[in-house]
Amino acid sequence: MTTFSTIIRGGRVSTASDTYHCDIGVKDGRIAALGDDLGSADLVIDAHGKWVLPGGIDSHVHISQPSGEGILMADDFESATRSAALGGNTTVLPFCLQESGVPLRESVKAYHAKAEGACYTDVSFHLIISDPTEQVLGQDLPALVGDGYTSFKVFMTYDGLALSDLEMLKVMAVARETRALVMVHAENYDIIRYLTEQLEQAGKTAPRFHASSRPVIAEREATYRAISLAELSDVPLMVVHVSNREAMDEIRRAQQKGLKIFGETCPQYLTLTEHDLHGLNMEGAKYVCSPPPRDAESQKACWEGLQQGVFSVFSSDHCPFRYDDPQGKLVPKGRTSFRWVPNGVPGVGARLPILFSEGVVKGRIDINRFVALTSTNHARMYGLYPRKGTIAVGADADIAIWDPLIEQTLTHAMVNDGSDYTPYEGMKITGWPVITLVRGEIVARNGRIEARKGHGTYLKRDFSQFA
């Protein structure tokens with residue numbers, strides 16, 4: 001009789017704090033032992049010459065989300081979690097969007113129905129609060145937090161999503177009472193509407209003018225205002241997808257004051273610039289996302305934020321639409337103005353390889369910081385630690401085995417999501433996850449999915465360690 005179901009042998013193990021050589025014994029989906037000469041197992045994985053890391057947790061993804069009339073998001077839960085697993089992720093946290101007029105509890109049920117039996121990775125849901133009625137604030141939201149939906153997102157921009165300062169304060173009051181964590185998309189909606197009207201009146205409607213309509217000042221001002229509201233409410237706040245130095249410095253100043261303000265950035269702000277939106281015809285639509293990519297100086301600033309701890313997490317903000325599709329980036333109204341081009345870029349499968357190659361391999365961050373930014377801090381921030389986000393006895397056997405020497409040119413086929421392109425096409429990448437295990441089962445190996453659809457399970461979350 002074997003002691004373990006799986007032994008991962010000979011690898012170099014890294015967590016957010018330590019690096020060491022040891023074998024990992026897996027039993028009943030959990031890590032049962034760390035050490036040498038662990039004996040026999042049903043399956044032995046040779047990891048000599050490889051990094052053995054906690055599986056990635058991507059805490060900012062959009063899957064099967066309603067996106068407007070005539071627009072269809074490219075990924076369902078099967079295709080999105082497939083891409084996630086191929087890219088070394090073992091857990092994703094998509095958003096449950098409360099559509100206007102739909103009870104919040106009904107929206108949650110609808111997302112569970114979409115995910116049930118479809119996922120390769122584990123999943124858990126954030127809530128998006130778009131209609132903060134008395135029913136939502138007084139009954140639905142507190143009850144859902146008690147059921148394990150311990151984080152929710154508010155928007156300061158977009159038609160049908162933007163909340164007023166008063167509404168944000170009311171949502172934050174509920175967060176204060178229930179110990180939930182608030183996430184915010186910080187862009188000044190009125191600045192964007194004003195500039196969009198000015199650009200359209202001047203005939204500047206091509207995709208590249210999307211960046212002009214959402215300048216740094218719109219993000220900086222909203223970031224400052226969101227932090228101020230959080231300070232007044234005495235709640236922790238996660239400012240998501242930060243794109244530039246000015247917004248980052250607002251977060252840094254708040255942290256230096258001792259406020260529980262946290263930041264997130266994404267691959268598009270390390271690798272893309274606004275010039276990518278300047279493609280001929282509608283090619284620039286591939287890179288339309290909000291906030292938009294900025295410039296080389298903003299890329300440098302975002303790297304500093306990752307290095308210095310201003311940003312706690314590195315997420316993909318995976319929001320996929322097909323390009324060559326009238327229900328995607330080429331929706332007919334989008335040809336009349338950038339304002340109608342679906343907002344978002346795919347990235348759940350490319351997130352980890354990009355940060356490993358551009359960060360670890362090029363010496364910008366070490367391997368422990370990589371693990372913290374891509375896994376451990378997500379688990380701690382969103383109530384999944386220590387079950388997720390680390391390699392330790394008792395934790396789920398969510399593990400990514402990396403070959404640090406593989407050199408490849410990134411293509412869409414490698415990430416294999418539901419979109420028809422990747423904005424990172426052609427990037428030279430060193431290092432790639434060659435095996436991904438979710439709760440001890442090999443889900444992806446050498447670019448192929450091996451597990452059955454539906455292996456992924458829903459995770460009820462505890463409170464954030466920072467709330």
Side-chain angles (χ1 to χ4, degrees), residues 1-57 85-91 120-122 352-353 355-357 359-361 363 365-380 384-407 430-451 455 457:
M1 181 178 295
T2 57
T3 306
F4 303 104
S5 57
T6 301
I7 292 176
I8 301 171
R9 184 166 289 161
R12 184 161 46 164
V13 177
S14 277
T15 66
S17 57
D18 299 298
T19 297
Y20 45 85
H21 282 86
C22 78
D23 299 343
I24 301 174
V26 176
K27 185 176 183 179
D28 298 328
R30 295 185 177 245
I31 297 171
L34 301 173
D36 299 322
D37 302 322
L38 294 181
S40 60
D42 299 326
L43 172 66
V44 176
I45 299 174
D46 183 1
H48 285 86
K50 307 293 195 300
W51 285 103
V52 181
L53 308 179
I57 300 173
L86 291 171
N89 298 281
T90 52
T91 299
Y120 294 103
T121 68
D122 288 350
L352 297 177
L355 189 65
F356 189 93
S357 184
V360 179
V361 174
I365 58 174
D366 63 21
I367 192 68
N368 308 107
R369 185 76 183 138
F370 173 84
V371 171
L373 287 166
T374 60
S375 183
T376 308
N377 289 355
H378 298 257
R380 296 182 67 209
L384 292 171
Y385 190 85
R387 179 181 176 184
K388 304 288 188 181
T390 192
I391 293 177
V393 173
D396 282 359
D398 289 357
I399 295 168
I401 302 174
W402 287 72
D403 186 333
L405 302 180
I406 291 179
E407 296 183 354
T430 300
W432 198 268
V434 292
I435 297 178
T436 304
L437 299 96
V438 177
R439 285 175 285 104
E441 181 171 335
I442 295 177
V443 172
R445 175 159 38 190
N446 296 325
R448 300 178 66 87
I449 293 293
E450 293 193 359
H455 173 67
T457 189

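FYI, the numbering just counts along the sequence from 1.
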Practice item. Please check if the side chain of Ser357 supplies one atom and the backbone of Thr430 the other of a donor-acceptor pair under 3.5 Å. Key: yes
Check your understanding: Within the side chain of Asp23, is there an N or O that forms a donor-acceptor pair under 3.5 Å with the backbone of Gly10?
Key -> yes
Study note, to complete from the structure: The side-chain contact (heavy atoms from CB on, under 4.5 Å) partner of Leu437 among Val26, Asp396, Ile45, Val443 is Ile45
Check your understanding: Of Asp46, Val44, Asp36, which meets side-chain contact (heavy atoms from CB on, under 4.5 Å) against Arg9?
Key -> Val44
Practice item. For Glu441 and Glu450, run side-chain contact (heavy atoms from CB on, under 4.5 Å): C-alpha distance rounded to whole Å, both residues' side-chain angles, the deciding distance at 0.1 Å, then the answer. Key: CA-CA 9 Å; Glu441 181 171 335; Glu450 293 193 359; over 6 Å; no
Check your understanding: For Val360 and Leu355, what are the C-alpha separation, side-chain angles and deciding distance, and is it a side-chain contact (heavy atoms from CB on, under 4.5 Å)?
Key -> CA-CA 7 Å; Val360 179; Leu355 189 65; over 6 Å; no
Going by heavy atoms in the side chains, are [X] and [Y] under 4.5 Å from each other?
X: His378; Y: Lys388; value: no
X: Thr6; Y: Asp42; value: no
X: Thr90; Y: Thr436; value: yes
X: Ile57; Y: Thr374; value: no
X: Leu352; Y: Trp402; value: yes

Check your understanding: Hey, is CG on Asp28 packed in by over 12 heavy atoms from elsewhere, all under 6.0 Å?
Key -> no
For the [atom1] atom of [X] and the [atom2] atom of [Y], what is their distance to the nearest 0.5 Å?
X: Trp51; Y: Phe370; atom1: CH2; atom2: CZ; result: 10.5 Å
X: Ile367; Y: Asp18; atom1: CD1; atom2: CG; result: 13.0 Å
X: Leu53; Y: Ile399; atom1: CG; atom2: CD1; result: 10.0 Å
X: Trp432; Y: Phe356; atom1: CH2; atom2: CZ; result: 12.0 Å
X: Ile435; Y: Asp403; atom1: CD1; atom2: CG; result: 10.5 Å
X: Phe4; Y: Lys27; atom1: CZ; atom2: NZ; result: 8.0 Å

**Study point:** CA sep, side-chain torsions, deciding dist, call: Ile24, Ile391, side-chain contact (heavy atoms from CB on, under 4.5 Å)
**Key:** CA-CA 9 Å; Ile24 301 174; Ile391 293 177; 3.9 Å; yes
Review point. Does Arg439 come within less than 4.0 Å of Asp398, counting only side-chain N to carboxylate O?
Key: no
Looking only at heavy atoms, which two atoms of [X] and [Y] are closest? And how far apart?
X: Ala47; Y: Ile401; answer: CB-CG2, 4.4 Å
X: Ser14; Y: Thr19; answer: OG-OG1, 2.7 Å
X: Thr390; Y: Ile31; answer: O-CD1, 4.4 Å
X: Gly394; Y: Arg30; answer: O-NH1, 2.8 Å
X: Ser375; Y: Gly56; answer: CB-CA, 4.4 Å
X: Ala444; Y: Ala85; answer: CB-O, 3.8 Å

Exercise for review: Take Val438 and His455, measure what side-chain contact (heavy atoms from CB on, under 4.5 Å) needs, and give me the verdict at the end.
Suggested key: CA-CA 8 Å; Val438 177; His455 173 67; 3.9 Å; yes
Exercise for review: Output all residues satisfying side-chain hydrogen bond (donor to acceptor under 3.5 Å, both in side chains) with Ser5, sequence neighbours left out; order by chain, then residue number.
Suggested key: none
Exercise for review: With sequence neighbours excluded, tell me which residues meet side chain to side chain contact (heavy atoms under 4.5 Å, CB included) with Ala372.
Suggested key: Ala16, Arg369, Asn377
